[in-house]
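The block underneath contains the structure these notes are about, expressed in structure tokens.
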Amino acid sequence: MATFQTLPGFREFYPEDLARRNHVFRLWRRTAGAFGFAEYDAPVLEPLELYKAKSGDEIENQLFNFTDKGGREVALRPEMTPTVCRLVGARASALKRPIKWFSIAEFYRYERMQKGRGRCFSQFNADIFGEAGPEAEIELIALLVQCLCGFGLTEQDFYVRLSDRNLWFYYLETLGLDEPRIRAVLGAVDRYEKHGDDAFKGYSEQFGPLASDLKGKILAFLQIKSLDALEQVLAASGGEKLAARLTDWRRLLDGLAAMGLASFIQVDLGVVRGLAYYTGFVFEAFDRKGELRALAGGGRYDDLVEKLGGPALPATGFAIGDMTFALLLEQRGLVPNLVQAADIYCVIGGAAERKAAFADIQALRAAGYRVDYPLKEVAFGKQFKAAAESGARIALIYGTDELAKGVVKLRDLTERSERDVPRDQVLAMVRDSISGQTG
RNA sequence: GCGGUCAUAGCUCAGUUGGUUAGAGCACAAGAUUGUGAAUCUUGGGGUCGCGGGUUCGAGUCCCGUUGGCCGCCCCA
């Protein structure tokens, strides 16, 4: 039968699946609205250059890219950041500050399938442009936390690891490293959690072995898990830049604490996040059990808007992926049962009764009620069964006896009670009946 | 790109050392049932056993290849 199959790594959403996805999107959207973020959208297909400019040529391996009929090199978007930088950059001078934007969109990466990772996935993206201080991070991390808590997740379920690429950069500078060496060390720090000492192989191959006292300091630094410990280590190093960073750290952590979010936050300098365009605070959300890949990630990228052709504009943002998030909700039993229940189910006697019912069905639907009825003539018994299974709160019964009396029988499917309703009062009585139940 | 593992109905799975026409439960549909609730009973539709080749008198079963799923590695914006 299945002559054609779905392309590898792609997903199909049958109604139950889409209901779940919509539920997630709806809550994310509402949460972003509560935080004062405005929604935008943009093309799925972009010039390949947009991604090369940001991440370098090697990124092409992981893109869905091709040449279009006009000879243009194009790619399905693998992420939203370059796109939103273009949008904001193009109108930066006309946009009210701070610029707080979000989107919910589908992305494509040409990669191997893995748990929590496919070739197409959706992300919630939120970004703030035009705010250089940690106030932007407070706002974004608070939004991130609420986007997860809105589903019933708590600090028992997930946490946000918080780090700082600038701090790392300045600290490594004070240790006497130049920029190429600093980048190599940050790469090693990024991998250290997973690969241990092997993480420094790349550095050794490029620059020779790392002096052991230097390596000791780096390993100690990446294991820092609190602001106090960080202040102690840096007290010895001094330096204006580092002191300024510490001030920002205090403002950020104080702000988050004041919002009551301290229990979600873990200072963790072991996080530096892969690619090099992050310029300040970076953060990643993980499940507490450590069983899943990152739930969300983000950070500051103050140079990117300018790099992509816009004005210099500070920016910071994050994204939540839908796949790992769905896995976590399932694990915690937080996926609600989303049945699309009818409001009203019509039980119809025969052909003549059907015509009478159609007039009412049309009026009820125009009034906004979800009304179902059997498309073909079906025995009464079956219709009542169908009415019950539809989840409808009331059934309207169009039988010969009722219509002869000029009434319709209104059956309350919850209370199992019935009464006759004059034909011309059906809409009003339905309204009473349903509002009475919900009220 | 690499490695492991799996593939039988819409779903979950049986299917003997290779042996007739490949089964069950659930789901779906029809009837019992022209007037009242998720029940019951009966019946039905639905399969190129992922695909292709090979071994064999004979392959869902054994061998090779291939495609796809899952898990991991590389990578992860």
Side-chain angles (χ1 to χ4, degrees), chain A residues 1-12 14-16 46 50-56 58-63 75 77-85 107-119 121 123 125 187 190-191 194-195 198 201-202 272-278 282 284 291-294 296-299 301 304 308 317-319 321 323-324 327 339 345-354 374 376-403 409-418:
Chain A
M1 180 210 72
T3 318
F4 296 104
Q5 27 182 278
T6 318
L7 254 16
F10 283 78
R11 300 181 290 174
E12 291 168 311
Y14 283 79
E16 317 84 84
E46 292 275 15
L50 182 62
Y51 304 111
K52 282 191 176 175
K54 179 194 159 200
S55 308
E58 70 283 359
I59 202 74
E60 195 170 329
N61 301 326
Q62 266 133 49
L63 290 174
R77 63 186 173 198
E79 58 167 327
M80 196 55 111
T81 308
T83 300
V84 71
C85 283
F107 299 92
Y108 305 86
R109 294 178 189 178
Y110 200 88
E111 296 185 290
R112 206 73 166 131
M113 291 280 292
Q114 251 176 84
K115 188 173 186 176
R117 190 170 149 190
R119 287 186 171 182
F121 55 92
Q123 277 186 350
N125 272 263
D190 190 35
R191 289 159 199 229
K194 205 164 186 179
H195 299 267
D198 286 350
K201 254 185 190 164
V272 293
R273 285 182 71 71
L275 253 57
Y277 68 84
Y278 284 112
V282 291
E284 291 185 330
E291 293 170 349
L292 304 170
R293 54 178 61 243
Y301 49 96
L304 196 58
L308 293 174
F318 73 89
M323 293 182 76
T324 301
L327 287 172
V339 285
Y345 194 94
C346 294
V347 174
I348 300 169
E353 292 80 11
R354 179 167 292 260
K376 289 183 183 163
E377 279 193 39
V378 177
F380 264 69
K382 281 232 157 115
Q383 293 195 52
F384 280 102
K385 193 171 159 182
E389 285 174 350
S390 77
R393 290 187 256 182
I394 60 182
L396 290 174
I397 301 159
Y398 293 83
T400 318
D401 301 346
E402 286 81 1
L403 291 185
K409 195 163 278 176
L410 188 158
R411 179 175 176 85
D412 186 310
L413 291 166
T414 317
E415 295 172 7
R416 303 196 172 198
S417 62
E418 288 181 348

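So that the names make sense, note that chain A is the first sequence line, chain B the second, and so on, each numbered from 1. Below, all heavy atoms of this structure are taken into account, side chains as well, without hydrogens, waters or symmetry copies.
Residue contacts for A:Asp401: at a heavy-atom cut-off of 4.0 Å it reaches a base atom on one of the strands shown. Counting any heavy atom pair closer than 4.0 Å across all strands shown, A:Lys52 reaches no nucleic acid atom. Note on A:Gln123: nothing from the nucleic acid sits closer than 4.0 angstrom, heavy atoms only. Using a 4.0 Å heavy-atom cutoff across all strands shown, A:Gly399 reaches at least one base atom of the nucleic acid. Here A:Gln383 lies out of heavy-atom contact (under 4.0 Å) with every strand. At a threshold of 4.0 angstrom between heavy atoms, the contacts of A:Glu111 include nucleobase atoms, whether or not backbone atoms are also involved.
Comparing B:rC13 with B:rG53, their C1' atoms sit 29 Å apart, to the nearest whole Å. Comparing B:rU67 with B:rG52, their C1' atoms are spaced 10 Å from each other, to the whole Å. Nucleotides B:rC11 and B:rU16 place their C1' atoms 26 Å apart, quoted to the nearest Å. For the C1' atoms, the distance linking B:rA7 with B:rG60 amounts to 11 Å, nearest Å. Atom name C1', nucleotides B:rC49 and B:rG4: the rounded distance is 24 Å, in whole Å. For the C1' atoms, the distance linking B:rC64 with B:rU21 amounts to 30 Å, nearest Å. Here the separation of B:rU43 from B:rU48, taken at their P atoms, is 25 Å to the nearest Å. A gap of 15 Å separates the P atoms of B:rC62 and B:rU8, to the nearest Å.
In this structure, the OH atom of A:Tyr14 is 16 Å from the P atom of B:rC28, given to the nearest Å. Between the C1' atom of B:rG35 and the CG atom of A:Leu396 lies a distance of 15 Å, rounded to the nearest Å. A:Leu308 places its CG atom 17 Å from the P atom of B:rA77, with the value rounded to the nearest Å. Distance, A:Glu418 CD to B:rG37 P: 10 Å, rounded to whole Å. We find that CG of A:Leu403 is positioned 13 Å from C1' of B:rG35, with the value rounded to whole Å. Protein atom CG of A:Asn61 is 9 Å distant from nucleotide atom C1' of B:rG1, rounded to whole Å. When the C1' atom of B:rU36 is taken as reference, atom CD1 of A:Ile394 falls 16 Å away, rounded to whole Å. Between A:Arg119 atom CZ and B:rC76 atom C1' the separation is 14 Å, expressed in whole Å.
Base-pairing analysis of RNA chain B finds the following stems of at least three consecutive Watson-Crick or G-U pairs, with both pairing distances under 3.5 Å: B:1-7 with B:67-73, B:10-13 with B:23-26, B:28-32 with B:40-44, B:50-54 with B:62-66.
Contact of A:Arg411 with B:rG37 (side chain to base): a donor-acceptor pair of N or O atoms is detected under 3.5 Å. In the interface, the side chain of A:Glu377 is not paired with the base of B:rU34 through any donor and acceptor atom under 3.5 Å apart. At a cut-off of 3.5 angstrom, the base of B:rA77 holds at least one donor-acceptor pair with the side chain of A:Arg109. Between the side chain of A:Glu402 and the base of B:rG35, at least one donor-acceptor pair of N or O atoms lies under 3.5 Å.
In this structure, A:Tyr110 places its OH atom where only 12 or fewer heavy-atom neighbours from other residues, nucleotides or ligands lie under 6.0 Å away.
Sequence order on RNA chain B of the closest nucleotides to A:Arg416 and A:Arg117 puts A:Arg416 first from the 5' end. Nearer the 5' end of RNA chain B, as judged by each residue's closest nucleotide, is the contact made by A:Tyr110, out of A:Tyr110 and A:Glu284.
Qualifying side chain to side chain contact (heavy atoms under 4.5 Å, CB included) partners for A:Leu50, counting only residues two or more places apart in sequence or in other chains: A:Glu46, A:Pro82, A:Thr83, A:Arg86, A:Leu308. Residues satisfying the ring-ring contact (aromatic ring centres under 6.0 Å, His included) criterion with A:Phe380, sequence neighbours excluded, are absent altogether. Checked against salt bridge (Lys or Arg N to Asp or Glu O under 4.0 Å), A:Glu284 has the following partners two or more places apart in sequence or in another chain: A:Arg273. With sequence neighbours excluded, the residues that form a side chain to side chain contact (heavy atoms under 4.5 Å, CB included) with A:Arg77 are A:Asp41, A:Val44, A:Tyr51, A:Met80, A:Ala105, A:Phe107. Checked against salt bridge (Lys or Arg N to Asp or Glu O under 4.0 Å), A:Arg293 has no partners two or more places apart in sequence or in another chain. For A:Arg112, there are no salt bridge (Lys or Arg N to Asp or Glu O under 4.0 Å) partners at least two apart in sequence or on another chain. With sequence neighbours excluded, the residues satisfying salt bridge (Lys or Arg N to Asp or Glu O under 4.0 Å) with A:Arg411 are A:Glu418. The side chain to side chain donor-acceptor pair (under 3.5 Å) test applied to A:Tyr398 returns A:Asp360, not counting sequence neighbours. In this view, A:Tyr345 satisfies the side chain to side chain donor-acceptor pair (under 3.5 Å) rule with no residue, not counting sequence neighbours.
Under the 4.5 Å side-chain criterion, counting only non-hydrogen atoms from C-beta, A:Asn125 is not in contact with A:Val84. With a 4.5 Å cut-off on side-chain heavy atoms, A:Ile397 and A:Phe384 count as touching. Looking at heavy atoms from C-beta onward, A:Arg119 lies in side-chain contact with A:Pro8 at the 4.5 angstrom threshold.
A:Arg109 contributes a side-chain N or O that, together with a main-chain N or O of A:Pro78, makes up a donor-acceptor pair within less than 3.5 Å.
Nearest nucleotide to the A:Lys382 side chain, out of B:rA77, B:rG35, B:rG31: B:rG31.
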Output one line per pair: protein atom, nucleotide atom from nucleotides 39-45 of chain B, and distance, for all N/O pairs under 3.5 Å.
from	atom 1	to	atom 2	distance (Å)
B:rA39	OP2	A:Lys385	NZ	3.4

Enumerate the protein-to-nucleotides 69-73 of chain B contacts in which both atoms are nitrogen or oxygen and the separation is below 3.5 Å.
from	atom 1	to	atom 2	distance (Å)
B:rG69	OP1	A:Gly9	N	3.0
B:rC71	OP2	A:Lys115	N	3.2

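Look at A:Phe384 and the base of B:rG37; the rings do not stack under the cut-offs of 5.5 Å between centres and 30° between planes.
Taking only side-chain nitrogens and oxygens, A:Arg191 comes nearer than 4.0 Å to OP1 or OP2 of B:rC75.
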